[in-house]
Amino acid sequence: MKGYAMLGIGKTGWIEKTVPECGPLDALVKPLAISPCTSDVHTVWEGAIGERNDMILGHEAVGEVWKVGDMVRDFKPGDKVIIPAITPDWGKTEAQAGFSMHSGGMLAGWKFSNFKDGVFAEYFHVNEADANLALLPDGVDVASAVMLSDMVPTGFHGAELANVQYGESVCVIGIGPVGLMAVAGSALRGAGELLAVGSRPNCIEAAKQYGATGIINYRDGGIVEQVMERTGGKGVDKVIVAGGDNDTFIDAVKICRPGGIIGNVNYLGSGDYVRIPRVEWGCGMGHKTIAGGLMPGGRLRMERLVSLLKYGRLDTSLLLTHRFNGFEHAEEALMLMKDKPRDLIKPVVVI
Ligand code: NDP
Ligand code: ZN
């Protein structure tokens, strides 16, 4: 089979591989729609997870089940399914403790394009199909649904980590596709004032549609100064970090009120340390919590998220600025993600 792969750090290309084996609990899936992720860019061009050779890329897909193992009960060949980016081993103790994304080790629930071949392939392997796949309901568009693999669950996880409550003030730093879903998730959870930090006009427009009540352009001045000005010097109850770099935590801590939470879903792809400003962290006593997490996977969660699309509470199509038809465009789509033209939010390849 053919796949688009990371050949080594900084190098990508098309390769041929044998079709993966299907274990008794597993499924083999053919993609119907795929999308590259900013994380693929961190992986290939920043070497964020170290060297990988001839590893097929991609972890965002909707597909059709091609084969299932003997012990799979609820899925059969021909089913249309959403494949979450994170596919835990549900029997591990970390999963039983409630942290399935870390099953088998820190971040080890992230398998596609990390420990095994990803979804930019003619066929790909899904472990524990009954626990990790979700059926795509009739009438839900495949391109919109592929945003459920990673963008929705990650952005929403930012709102969960920050534990956004009715009427709270929230600031989302970074409004690429992940941050936009953090805005949408915070609005659904009942945020009051909802500030969004970014600069691309497309993203700003989408942030407003997803519920942002104010926009902060970090290129027009400091985030801290702008947030403090809008909040009477108090800052916000909750901060969600979905963009920026290692130093973004300095701003996030400064704009967070005592008792607040900073929920991070941004992938820190380089550098050794994150710095916390001592005084604004209350000299260690400010009750400002920093929580960072990888998105949870799992069928139940995916079924709940897909119901938001099915019942019209969330429209992910606003994210899809660039659409390609045909598997051969996987390369072009990934290069767009790398180059990030200013009109890009998210590319999708429909097969
Ligand atoms: P994008 O690059 O599309 O968006 C990044 C956002 O951050 C943009 O709005 C950008 O603004 C903004 N930004 C950039 N620099 C700064 C800065 N210095 N200060 C403030 N804002 C800044 O990324 P994605 O939305 O695709 O992904 C966001 C992050 O989430 C990535 O690191 C990705 O790897 C990670 N991720 C994490 C997952 C998880 O499970 N935890 C899963 C998937 C992704 P501008 O408008 O100017 O471009
Ligand atoms: Zn991703």
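In this chain, residues are counted from 1 in sequence order. First listed ligand is number 1; within each ligand, the first listed atom is number 1.
The nearest protein atom to atom 2 (O) of ligand 1, hydrogens excluded, is given as Lys340 NZ, 2.8 Å; this is a heavy-atom distance. Protein heavy atom closest to atom 26 (O) of ligand 1, with residue, atom name and distance, is Thr38 OG1, 2.5 Å. For atom 16 (C) of ligand 1, the nearest protein heavy atom (residue, atom name, distance) is Gly244 CA, 3.5 Å. Of all protein heavy atoms, the one lying nearest to atom 6 (C) of ligand 1 is Gly174 CA, 3.5 Å. Distance from atom 14 (C) of ligand 1 to its nearest protein heavy atom, with residue and atom name: Tyr218 OH, 3.6 Å. Nearest protein neighbour of atom 32 (O) of ligand 1, counting heavy atoms only, is Asn266 OD1, 2.8 Å. Regarding atom 37 (C) of ligand 1, its nearest protein heavy-atom neighbour is Val265 O, 2.9 Å. For atom 28 (C) of ligand 1, the nearest protein heavy atom (residue, atom name, distance) is Ala242 O, 3.3 Å.
Leu195 has its side chain within reach of Glu193: a pair of non-hydrogen atoms, C-beta onward, lies under 4.5 Å apart. In this structure, Pro84 and Pro153 have side chains that are not in contact, with every pair of non-hydrogen atoms separated by 4.5 Å or more. Looking at Arg342 and Ser199, their side chains come closer than 4.5 Å, going by heavy atoms from C-beta outward.
Residues His59 and Phe112 place their aromatic rings such that the two centres sit no closer than 6.0 Å. In this structure, Trp14 has its ring center under 6.0 Å from that of Phe327.
Taking 4.0 Å as the cut-off, Asp150 counts as a neighbour of ligand 1 on heavy-atom distance. Residue contacts with ligand 1 leave out His157, since none of its heavy atoms falls under 4.0 Å from the ligand. At least one heavy atom of Ile223 sits closer than 4.0 Å to an atom of ligand 1. Under the 4.0 angstrom criterion for non-hydrogen atoms, Gly293 is in contact with ligand 1.
Hydrophobic cluster of Trp110: the remaining members, joined at side-chain heavy-atom separations below 4.5 Å, are Ile49, Ile86, Phe99, Met101, Met106, Leu107, Tyr267, Leu294, Met295, listed by chain and number.
An N or O contact shorter than 3.5 Å links Arg200 to ligand 1 by distance. In terms of polar-atom proximity, defined here as any N/O pair under 3.5 Å, Met337 makes no such contact with ligand 1. Looking at Cys37 next to ligand 1, no N or O pair under 3.5 Å apart turns up.
At a heavy-atom distance under 4.0 Å, no atom of Ile345 approaches ligand 1. Under 4.0 angstrom from ligand 1, the non-hydrogen atoms of Arg219 all belong to its side chain. By the criterion of a heavy-atom distance under 4.0 Å, both the backbone and the side chain of Val178 are placed next to ligand 1. With a heavy-atom cut-off of 4.0 Å, Cys203 does not touch ligand 1 at all. When heavy-atom distances to ligand 1 are checked against a 4.0 Å cut-off, Leu294 comes that close through both its backbone and its side chain.
At a threshold of 4.0 Å, the pair Lys76-Asp79 counts as salt-bridged, since one of the basic side-chain nitrogens sits closer than that to a carboxylate oxygen.
Nearest residue to atom 9 (O) of ligand 1 from Leu344, Thr43, Ile175, Thr248 is Ile175 (criterion: closest heavy atom).
In summary, the atoms of ligand 1 found under 4.0 Å from a heavy atom of Tyr267, numbered by their order in the structure, are 32 (O), 33 (C), 34 (O), 35 (C). Those atoms of ligand 1 that come under 4.0 Å of a heavy atom in Ile173, given as number and element, are 20 (C). Within the listing of ligand 1, atoms 45 (P), 46 (O), 47 (O) sit less than 4.0 angstrom from a heavy atom of Ser199. Ligand 1 places these atoms under 4.0 Å from at least one heavy atom of Gly198: 46 (O). Taking a cut-off of under 4.0 Å to the non-hydrogen atoms of Ser39, the atoms of ligand 1 that pass are 33 (C), 34 (O), 36 (N), 43 (C), 44 (C).
When you scan the N, O or S atoms of Asp150 for the one nearest the Zn ion (ligand 2), you land on OD2. For His59, the N/O/S atom at the shortest distance from the Zn ion (ligand 2) is named NE2.
With hydrogens and angles ignored, the 3.5 Å screen pairs a side-chain donor or acceptor of Thr321 with a backbone N or O of Ile345. In this structure a side-chain-to-backbone donor-acceptor pair under 3.5 Å is present from Asn266 to Gly244. Listed for the Lys80 side chain is no donor-acceptor partner under 3.5 Å among the backbone atoms of Glu64. Judged purely by atom type and a 3.5 angstrom limit, Lys288 uses its side chain to pair as donor or acceptor with the backbone of Cys256. Remark: the backbone N or O of Thr87 is paired with a side-chain donor or acceptor of Asn127 at under 3.5 angstrom.
A side chain to side chain contact (heavy atoms under 4.5 Å, CB included) with Leu7 is found for exactly one of Asn53, Ile15, Val44, namely Ile15.
Hydrophobic clustering (side-chain heavy atoms under 4.5 Å, transitive across Ile, Leu, Val, Met, Phe, Trp, Tyr) keeps Val62 apart from Ile56. Clustering ILVMFWY residues whenever any of their side-chain heavy atoms sit less than 4.5 angstrom apart, transitively, puts Tyr210 in the very cluster that holds Val265.
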**Stepwise side chain to side chain contact (heavy atoms under 4.5 Å, CB included) check, Thr12 with Leu334** = CA-CA 10 Å; Thr12 58; Leu334 178 68; 4.2 Å; yes
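Among the atoms of Asp40, no N, O or S atom is found under 2.8 Å from the Zn ion (ligand 2).
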Donor-acceptor contacts, no H, no angles, side chain residues 179-192, under 3.5 Å, sequence neighbours left out:
residue : atom : partner : partner atom : Å
Ser186  : OG   : Ala182  : O            : 2.8
Arg189  : NE   : Val164  : O            : 3.1
Arg189  : NH2  : Asn163  : OD1          : 3.3

